[in-house]
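Report on one structure; see the data block that follows.
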Amino acid sequence: FPVAPEAEDEGKTLQLVESYLQNFYDLQKDPHPHLRSSGGENPLASKLKEMQSFFGLEVTGKPDLDTLEVMKKPRCGVPDVLR
Amino acid sequence: YAFTPGNPKWKRNNLTYRILNYTPKMTRADVDEAIRKALSVWSNVTPLTFQKVEDEVADIMISFAYRDHRDNSPFDGPNGQLAHAFQPGEGLGGDVHMDEEEAWTKDGRGYNLFIVLAHELGHSLGLSHSNDPGALMYPTYSYTDPSEFRLPQDDIDGIQAIYGRSNA
């Protein structure tokens, strides 16, 4: 079946968010997402909150329009969170 | 402002820089001028001095690179990530890499080389990203006319906390 446009957009958004948080907020790549325990906060949502807090956005843990707008801006490649 | 974790800094105030290659999108003279001006942003408010060298290893090596350029931080093509730089230290430390696939300019079209370089040199000297939207060290690109550029107070406070004030 062809992929519905909304599902395709959702996939691209998730890809953008994951890539951004991996590059700039130390989000670890999860090689086995299906093995993740159900307890505890989703690491992606947690990192998203960190990013939203840094940029003074509303801290929702969700990729809302304001958050995506910041993620699409040209920027420096050095991470905002350095360990 | 924020420091790089571990507070790395140069142990000397007299630093050297070298331009490893040039972008074909600007004249060599304009690139030289953008780099000189970007360095002066930081040397104007600290005791730091920068001397250009030609054929030797410099503290700060500046280059234009494509995609994977063997530092484990590949560029992503036009837009997105514009450049990156390394914290003070040996080897890669202090080096500045500019994404060759960006539309580098000396004015407001595309991406202004001076503005991006001045930001990256902040990393080369030990500053991390600031969450002050008006700061030069804010992570996202924002154009300011180079002739009207003045280093924001947040960045002055940050760099002077590391190296002290200018002797002048």
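Each chain gets a letter, A, B and so on, in the order the sequences are listed, and its residues count up from 1.
Cluster annotation: B:Tyr1 and A:Val81 are assigned to distinct hydrophobic clusters (Ile/Leu/Val/Met/Phe/Trp/Tyr, side-chain heavy-atom contacts under 4.5 Å, transitive). In the hydrophobic clustering of this structure, A:Phe54 does not group with B:Phe3; members are Ile, Leu, Val, Met, Phe, Trp, Tyr whose side-chain heavy atoms approach within less than 4.5 Å, directly or through other members. Hydrophobic clustering (ILVMFWY, side-chain heavy atoms < 4.5 Å, transitive): B:Phe75 and B:Leu20 are in distinct clusters. Residues B:Val53 and B:Ile62 fall into different hydrophobic clusters, defined by Ile, Leu, Val, Met, Phe, Trp and Tyr side chains chained together at heavy-atom separations under 4.5 Å. The hydrophobic clustering, which links ILVMFWY residues whose side-chain heavy atoms are closer than 4.5 Å, places B:Ile60 and B:Leu82 together.
Residue B:Arg67 places its CZ atom among more than 12 non-hydrogen atoms of other residues, nucleotides or ligands, all under 6.0 Å distant. Annotation for B:Arg12: atom CZ counts as buried by contact number, over 12 foreign heavy atoms lying within 6.0 Å. Other residues, nucleotides and ligands contribute at most 12 non-hydrogen atoms within 6.0 Å of the CG atom of B:Asn72.
Residue A:Tyr20 does not touch chain B at all, counting heavy-atom pairs closer than 4.5 Å. Proximity to chain A is absent for every atom of B:Phe86, based on heavy atoms less than 4.5 angstrom apart. Residue B:Ser73 does not touch chain A at all, counting heavy-atom pairs closer than 4.5 Å. For B:Ser130, the part lying under 4.5 angstrom from a heavy atom of chain A is the backbone only. For chain A, no part of B:Ala2 is nearby; none of its heavy atoms comes within less than 4.5 Å.
Ranked by heavy-atom pairs shorter than 4.5 Å toward chain B, the options A:Pro79, A:Pro74, A:Gly77 are led by A:Pro74. Heavy-atom pairs under 4.5 Å with chain A were tallied for B:His129, B:His84, B:His119; the largest tally goes to B:His129. Comparing B:His97, B:Gln87, B:Glu102, B:Glu120 by heavy-atom pairs within less than 4.5 Å of chain A, the highest count is held by B:Glu120.
Contact detail for A:Arg75 and B:Thr140: the closest heavy-atom pair is CB-CA, 3.9 Å.
When the options A:Val70, A:Asp80, A:Val78 are evaluated for a side-chain contact (heavy atoms from CB on, under 4.5 Å) with B:Pro139, the one that passes is A:Asp80.
Note: A:Phe55 and B:Tyr138 have perpendicular aromatic rings, judged against thresholds of 30 and 60 degrees for the angle between ring planes.
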